[in-house]
Every structure is written in C-alpha cells, then in structure tokens.
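Notes for the one structure printed next.
Just so it is clear, the values below take in all heavy atoms, side chains as well, and ignore hydrogens, waters and symmetry mates.
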Amino acid sequence: MLREKARHIRLETIRLIEIAKVGHYSSVFSCAEIFAALYYGVMRLRRGDPRWPDRDRFLMGKGHAAVGLFPVLADQGFFDPALLDGYTRLGSPLGDHPDMSKVPGVDFSSGSIGHALSNGVGMALGGRMNRRDFSVFVMLGDGEMQEGQVWEAALFAAHHRLSRLIAIVDRNGYQLDGKVDDVMGVESLREKWQAFGWEVHEVDGHDPAALTALLRGLRADEARDRPACVIARTVKGKGVSFMETEPGWHLGYLAPQDAQAAIDEIMSREI
C-alpha cells in the first residue's frame, strides 16, 4: 500500500507541474517514500482535522517539494482535492512552496532553506511545556546541512533533550548547483549528528517498510532521552530513469511526450 501511495505522489507531481508549467520533479521523487511512510504509516493524525492539537507535526526544510505533499494532505481530508486542479493559479492557496496560513495541514511555511529544524525545535519544546503528546518530524535536504542555523538548532535540541523530535535527512546527493559534496562537503553526516548529541540511524529511503518500521520505533521509544536523526539514503529523481542521471531536473518542465514516458515508467516500474 505504501508503495502505491508513493507512486501516486509521483504521478500527481507530474500532473500538477503540468498545470504550473515548471516545478521540482526530482526533489519530490527522492522523498516520495518518506512522505508515504510518514502520512500513512507513522504519524498520528486525525483525518479531516488538520488543527487537532495532539496531531504529530511535520516540517519540511526543502519546501520546494511541496507539490508532492499537497496531494497527500488532500488525501488526508485536510482540504478539498479539487483545489489541486488550480495548483499555482491566481488565487490558489497552493503555491510552489507551502504556506501554513493558506494550506490546511501545513505546519510550517518553508522554502528559505535552513529554518525548519529551528521551528521544529520550538514546537517540540512547546509541546513538552504544554504537556502535549505529539511528536515533531522535520525533513531536511542534504544541501541544507550547509546552513549554520541547522547546527545551532541541533545543539539546542540535544541540550534540551527533545526526545519527541525526529529529523530526517533526504540524502539524495544533489542540490540546485550540483553534487552536494562538490558544492560544500557535508560528510560524515552520521558522525556529525552524533557529535551534536543526537541518536542517529541510516535507512534506505526508498524502502517504505524499513522507513516505517524505523520511524514507528523511534516515535514509540519512551526510553530515548535525546532527539533522533534518520539519514535516508535516496536517489534524486527516483522512479524516472532519465531524471536519476540528470541533476538538471531539480527544476524543469516535461514536454508532453516526455511526461508520458515518465508516467509509463512510474506505472510499470517496481521502485
């Protein structure tokens, strides 16, 4: 079921970007299984109630992947799925980046890279102070690891032992300007996060079963006294072979024949 949800996310991403005429295909495709695992297998949510105080929170540092999140939020009953058909059109609440003041189910307005973890830290600390029983999940791009604010937030979270905070690094190896480690090396991520006081795990980011089992276990672990980081090893553009080998698909537009080829591959391929 989770693989089918990830497939749906990829197909809807292609459909919605067709409306906008430009978008971030490959950034969504690397984290489609992460979206599926979180929203259909891990997070505690109440269908149709995006303001439930005890819901788990999700923040996305790489806000440019919002086009893949919006279909999930609609499927959760947080807003009318018909709104998807007006994606990025004048007057639509659904833009290239998520706006928490306009889109029910969005917990953080992201897009300026580096701020999500700081906000997640605040939510986790606020939940503790208010005796709320929710967890906070923050998905970060690996290029985002180059931002100093990420590490300031990481220090703060470890110091305050925010055990209900779980960071997920989408380690697809690429950012807008090319390979992450060519622009500015970030390895070794495991040792860095451990040095900052976090519990660290690594997982195949395209294996929904492994993702779900790991994230469920971390969410349920009452004994852990510090935040946790999951390094999800992914492939940018996963699911469409010509995107997996061409970093230029970070932002682009598929001509009709290429869009159909991508759809056919997504439908036929066991990712």
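- From Ile263, atom CD1 reaches atom CD of Glu265 across 12.0 Å, with rounding to the nearest 0.5 Å.
- His115 and Ser118 form no side-chain donor-acceptor contact under 3.5 Å, judged by distance and modelled atom types alone.
- Gly61 and Ser110 get closest at one heavy-atom pair: O-CB, 4.2 Å.
- Residue Leu83 comes nearest to Pro93 through the heavy atom pair CD1-CG, 4.3 Å, listed as atom of the first residue, atom of the second, then distance.
- Hydrophobic clustering (side-chain heavy atoms under 4.5 Å, transitive across Ile, Leu, Val, Met, Phe, Trp, Tyr) keeps Leu59 apart from Leu215.
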- Begin from the C-alpha positions of Asp54 and Arg46 and carry the test salt bridge (Lys or Arg N to Asp or Glu O under 4.0 Å) through to its verdict. CA-CA 9 Å; Asp54 287 322; Arg46 184 176 286 174; over 6 Å; no

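- If you check the side chains of Ser30 and Asn172, you find a donor sitting under 3.5 Å from an acceptor.
- By the 4.5 Å heavy-atom criterion applied to side chains, Tyr174 and His250 are not counted as neighbours.
- Contact annotation: the side chain of Met60 approaches that of Lys62 to within less than 4.5 Å [non-hydrogen atoms, C-beta and beyond].
- How far OG1 of Thr234 is from CD1 of Ile34: 6.0 Å, rounded to the nearest 0.5 Å.
- What you find for Pro104 and Lys102 is that their closest heavy atoms are CD-O, 3.5 Å.
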- Task: Let me see the working for Val67 and Ile17 under side chain to side chain contact (heavy atoms under 4.5 Å, CB included), right down to the final yes or no.
- Result: CA-CA 8 Å; Val67 64; Ile17 292 178; 4.1 Å; yes

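- Distance check: Leu2 CG to Glu33 CD gives 9.5 Å after rounding to the nearest 0.5 Å.
- At a threshold of 4.0 Å, the pair Asp107-Arg55 counts as salt-bridged, since one of the basic side-chain nitrogens sits closer than that to a carboxylate oxygen.
- Side-chain atoms of Arg164 do not come within 3.5 Å of backbone N or O of Arg128 as any donor-acceptor pair.
- A salt bridge links Arg7 with Glu4: the closest approach of a Lys/Arg side-chain nitrogen to an acidic carboxylate oxygen falls below 4.0 angstrom.
- Counting heavy atoms from C-beta on, the side chains of Leu189 and Val169 come closer than 4.5 Å.
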- Verdict with supporting geometry, Trp52 and Leu45, side chain to side chain contact (heavy atoms under 4.5 Å, CB included): CA-CA 8 Å; Trp52 179 39; Leu45 302 167; 5.6 Å; no

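- With contacts defined as side-chain heavy-atom distances shorter than 4.5 Å, the pair Tyr40/Pro208 does not qualify.
- Using a 4.0 Å cut-off between charged side-chain N and carboxylate O, Asp170 and Lys236 make no salt bridge.
- In terms of modelled atom types and a separation under 3.5 Å, the side chain of Asp221 and the main chain of Gly217 share no donor-acceptor contact.
- Expressed to the nearest 0.5 Å, how far CG of Leu84 lies from CZ of Arg15 amounts to 6.0 Å.
- Hydrophobic clustering (ILVMFWY, side-chain heavy atoms < 4.5 Å, transitive): Met100 and Phe78 are in one cluster.
- Within 6.0 Å of the CD atom in Glu152, the count of heavy atoms belonging to other residues, nucleotides or ligands does not exceed 12.
- By the side-chain contact (heavy atoms from CB on, under 4.5 Å) test, Arg131 is found to be paired with no residue, residues two or more places apart in sequence or in another chain being considered.
- Under the 4.5 Å side-chain heavy-atom criterion for Ile, Leu, Val, Met, Phe, Trp and Tyr, Trp151 and Ile231 are members of the same hydrophobic cluster.
- By the rule that hydrophobic residues join a cluster once side-chain heavy atoms approach within less than 4.5 Å of another member, Val103 and Met123 end up as members of separate clusters.
- Closest approach of Val121 to Ala157, counting heavy atoms only: CG2-CB, 3.8 Å.
- In the hydrophobic clustering of ILVMFWY residues, with side-chain heavy atoms under 4.5 Å counting as a link, Val230 and Val150 come out apart.
- A distance-only check finds no donor-acceptor pair linking the side chain of Trp193 to the backbone of Glu199 [under 3.5 Å].
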- Could you walk me through whether Arg51 and Asp49 pass side chain to side chain contact (heavy atoms under 4.5 Å, CB included), step by step? CA-CA 5 Å; Arg51 304 300 297 172; Asp49 187 2; 4.2 Å; yes

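- To the nearest 0.5 Å, atom CG of residue Leu140 and atom CD1 of residue Ile168 are 9.0 Å apart.
- With hydrogens and angles disregarded, a donor-acceptor distance shorter than 3.5 Å links the side chain of Asp99 to the backbone of Ser101.
- Residues Arg224 and Arg226 meet the side-chain proximity criterion, which asks for heavy atoms closer than 4.5 Å.
- Contact check on Arg233 versus Asp204 returns no salt bridge, with no Lys/Arg side-chain nitrogen under 4.0 Å from an Asp/Glu carboxylate oxygen.
- Val240 has its side chain out of reach of Arg10: every pair of non-hydrogen atoms, C-beta onward, lies at least 4.5 Å apart.
- In plain terms, the two heavy atoms of Tyr87 and Ile19 that are nearest each other are O-CG2, 3.4 Å.
- A pairwise comparison of heavy atoms in Val106 and Pro98 identifies CG1-CB, 3.7 Å as the closest pair.
- Side-chain atoms of Gln146 come within 3.5 Å of backbone atoms of Met184 as a donor-acceptor pair (strictly under, hydrogens ignored).
- Close placement of the Phe58 and Tyr39 rings is indicated, their centers lying within 6.0 Å of each other.
- Residues Val138 and Val136 form a side-chain contact, since some pair of their non-hydrogen atoms from C-beta on lies under 4.5 Å apart.
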- Given Ile266 and Ile14, is the side chain to side chain contact (heavy atoms under 4.5 Å, CB included) satisfied, shown in steps? CA-CA 11 Å; Ile266 291 168; Ile14 292 174; 3.7 Å; yes

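- Geometrically, Lys238 does not engage Phe29 in a cation-pi contact defined by less than 6.0 Å to the ring centre and at most 45° from the axis.
- Between Leu125 and Leu162, some side-chain heavy-atom pair lies under the 4.5 Å cut-off.
- Asp96 has no carboxylate O lying under 4.0 Å from a charged side-chain N of Arg89, or vice versa, which leaves the two without a salt bridge.
- Here the side chain of Glu244 pairs a donor or acceptor atom with the backbone of Gly239 at under 3.5 angstrom.
- In this model, no donor atom of one side chain and acceptor atom of the other lie less than 3.5 Å apart for Gln175 and Glu144.
- With Phe134 as the aromatic partner, Arg57 meets the cation-pi criteria of under 6.0 angstrom to the ring centre and within 45 degrees of the ring axis.
- To the nearest 0.5 Å, atom CD1 of residue Ile9 and atom CG of residue Asp75 are 9.0 Å apart.
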